[in-house]
Protein chains: 2
Amino acid sequence: MPKPISSQVKTHTESEENYIKALYHLGGEKAVNNGALAHRIGAKGPSVTQAVKRLANKNLVEAIPYKGVKLTEKGTALATHILRKHRLWETFLVEKLGFGWEEVHDIAEQLEHVQSPEMVEKLAKYLGSPIHDPHGDPIPQPNGAIPPILGKPLQQFATSDTLRVVRVEDAGTDFFTQLQVLNITLGSEFTLASISSFDSSIQLRGADGTLFWLSHSMSSNIYVISL
Amino acid sequence: MPKPISSQVKTHTESEENYIKALYHLGGEKAVNNGALAHRIGAKGPSVTQAVKRLANKNLVEAIPYKGVKLTEKGTALATHILRKHRLWETFLVEKLGFGWEEVHDIAEQLEHVQSPEMVEKLAKYLGSPIHDPHGDPIPQPNGAIPPILGKPLQQFATSDTLRVVRVEDAGTDFFTQLQVLNITLGSEFTLASISSFDSSIQLRGADGTLFWLSHSMSSNIYVISL
DNA sequence: AGATTGGTTTAGGCAAAACTAAACTTTTAA
DNA sequence: TTAAAAGTTTAGTTTTGCCTAAACCAATCT
Ligand SMILES: [Mn+2]
Ligand SMILES: [Mn+2]
Ligand SMILES: [Mn+2]
Ligand SMILES: [Mn+2]
C-alpha cells in the first residue's frame, strides 16, 4: 500500500531566485558589480562569481568579467514575477491575516518562492487586484508592467512643507522596527521642521506637535507626497 | 545605498521535512524499512540511508541498520506540524481562492514548508479553526492532537448499504483526476451495488441511478459512512 | 610610468542531497 | 543447512551553494 509521490516541478531554485531579485533591485537595467550583489545577498565574492555563472548558463543574466552583471529579458521577467508574488503575499498577510506591516517581509521572502502561476492570479483576484502593497510599493502586473511609484524621498522637500507618507522601502526588520518606534505608518502626516546641513538628517513635526529627528539612512527609505 | 539583507532562519530543509512527513505517513509509531521510505520519497536506497543518518544526527529519528527507522517524539511533533500546515493551506486554497479539491495538494506541498508559526495560527483562525481539510482529513491541532478520522474504507461495507463519502486519501493527482471523472466528491451518496470476489473491485449506484465500477486501488482510498 | 590598493576571479574545500556500482546482511528457498 | 534472492549499506561521483586563501586585473596615487 505505498502511495505515489507528488511531482514538484520547481523550475528555479530559491538561491537562483534570490540572486535575480537582488539584481533587479540593485540594477534594474544597469549592470551590477560583484561587491554590491555580494553585500545584498549576504554572501562572499567568490560565491557570487560562481552563482552568476550558473545564472548565465540559464540565460537569466549577462555577465562581463570584472565589469558587472545584468539581467536579461528573461531574467527581468522572472524578477518582476517574484516581486509580484512577494507583494501580493505581503498584502494578504496584512489585509487578511492581520499582521503588522513590519512583520510581513520575512514571511513573504519564503512565500515568494512558491511556484504556482494559477495560485498567484487567484490570490490577486481574491485581494481585489491591488496595485500597491502594504508598504506602498507597486505590485508588478501579470504582463510585467509596474504601477506608479508613489512619492519622493523626504530629502527632496523643503522646510515647512506638509507631507504624507505614501511608501517605505523594504529595508529589513530593523528599519521597520524603528518606524514603529517613531509611530510612522502609511498615511502619516508631518511638517518638515528642519534639515541638518551637516549629516542630512531631517527633523519632522507630527500632527500632535511632537518633534523628532530621522537619520539619513532612515529618511532615504521614506517616501512622501506634499499636500 | 546597498540594502541590508533578510534573515531567513530555516530550521529544517525541505528535504528533511519531506522525509519526516513520509515516515509519519508510512509508520506513525512503527519502524519503516528503507525500501518503503525510498519508494514514498521517490529516491533510491542509498540516498535514503544517507538522509536517515542526517535525521538521526538531529534527533528526529531513531534508526537500526538493516532493521528500520522510527520517528522520535521530536520528529513526530514536527510531522504533525507540517501536516497541520499542509491541510490548513489546502483548506485556504479551496475555501478562499476557489481551487478544486483535486488541484490543491501539489501547491500545499510547497506551502507546507514555509516556516512561520505565527502565520500558521493566524491562518487557522482566519479559516475558522477547521478540524478537517477539503479531503476530509483531520487537521492536527497546535498541541499535536489529531481530530477524529472520518469514515471507513468502502471494502468494509456490504451490498445495498447506503453510503456517504466523508474522506479520500491524499493519493496524488491521478487519483483525484479519476475521482473527478467519476463525479465523486465529499458528501456524495451511493448505494453499494456489488463487490467482485475476484479482484475486490466495487460497483456503486449513484443518486441518479448510474452504475459504475471502482478498482480496489481507487476504492481503498475512499472512506465512507453508512447512512 | 610604476607601485600600491581594492575589487574580482581562480583554486581548493566542505556539506547537503541526489545518483550508480559494489559489498554486505537478511530472508527465502532448495 | 547451505545457496540464491532480495534488501541495505558502503564507496565513490555529481551538482548546488557556500567558504577561505591566493592569484589576478584595474583603478588610483606618487
Ligand atoms: Mn517586502
Ligand atoms: Mn512590501
Ligand atoms: Mn494533500
Ligand atoms: Mn488533504
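Labels below follow one simple rule: chain letters A, B, ... track the order of the sequence lines, proteins then strands, and each chain is numbered from 1.
Residue whose closest nucleotide on DNA chain D sits further toward the 5' end, between B:Gly45 and A:Pro65: B:Gly45.
Atom CG in B:Asn57 sits about 15 Å away from atom C1' in C:dA17, given to the nearest Å. In this structure, A:Asn33 atom CG and D:dC25 atom P are separated by 19 Å, rounded to whole Å. Following rounding to the nearest Å, B:Ile20 (CD1) and C:dA17 (P) show an atom-to-atom distance of 12 Å. We find that CD1 of A:Ile64 is positioned 14 Å from P of C:dT8, with the value rounded to whole Å. Distance NZ (B:Lys44) to P (D:dG7): 14 Å, rounded to an integer number of Å. Between A:Lys53 atom NZ and D:dC18 atom C1' the separation is 15 Å, expressed in whole Å. Separating the NZ atom of B:Lys10 from the P atom of D:dC18 is a distance of 12 Å, rounded to the nearest angstrom. Atom CG of B:Leu55 and atom P of C:dA18 are 11 Å apart (whole Å).
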Working for side chain to side chain contact (heavy atoms under 4.5 Å, CB included), residues B:Trp213 and B:Met218: CA-CA 10 Å; B:Trp213 286 95; B:Met218 280 298 292; over 6 Å; no

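Annotation: cation-pi pair B:Lys122/A:Phe99 present, NZ/CZ under 6.0 Å from the ring centroid and within 45° of its normal. Annotation: cation-pi pair B:Lys96/A:Phe92 absent, no NZ/CZ under 6.0 Å from the ring centroid and within 45° of its normal.
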What are the atom names and distances for every N/O pair under 3.5 Å that joins the protein to nucleotides 13-17 of chain D?
| unit_1 | atom_1 | unit_2 | atom_2 | d |
| --- | --- | --- | --- | --- |
| D:dG17 | OP1 | A:Thr13 | OG1 | 2.5 |
| D:dG17 | OP2 | A:Arg54 | NE | 2.8 |
| D:dG17 | OP2 | A:Arg54 | NH2 | 3.4 |

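Of the charged side-chain nitrogens involved, none lies within less than 4.0 Å of a carboxylate oxygen, so that A:Arg87 and A:Glu112 do not count as a salt-bridged pair. Under the 4.0 Å criterion applied to side-chain N and carboxylate O atoms, B:Lys10 and B:Glu16 are not assigned as salt-bridge partners. A salt bridge is absent between B:Lys74 and B:Glu62; no separation between the charged side-chain nitrogens and carboxylate oxygens falls under 4.0 Å.
Comparing atom distances between the B:Tyr66 side chain and each of D:dT8, C:dT10, D:dT10 picks out D:dT8 as nearest.
Within 4.0 Å of A:Ala51, counting heavy atoms only, lies no atom of the nucleic acid at all.
In this structure, A:Tyr66 OH and A:Asn33 CG are separated by 14.0 Å, a value rounded to the nearest 0.5 Å.
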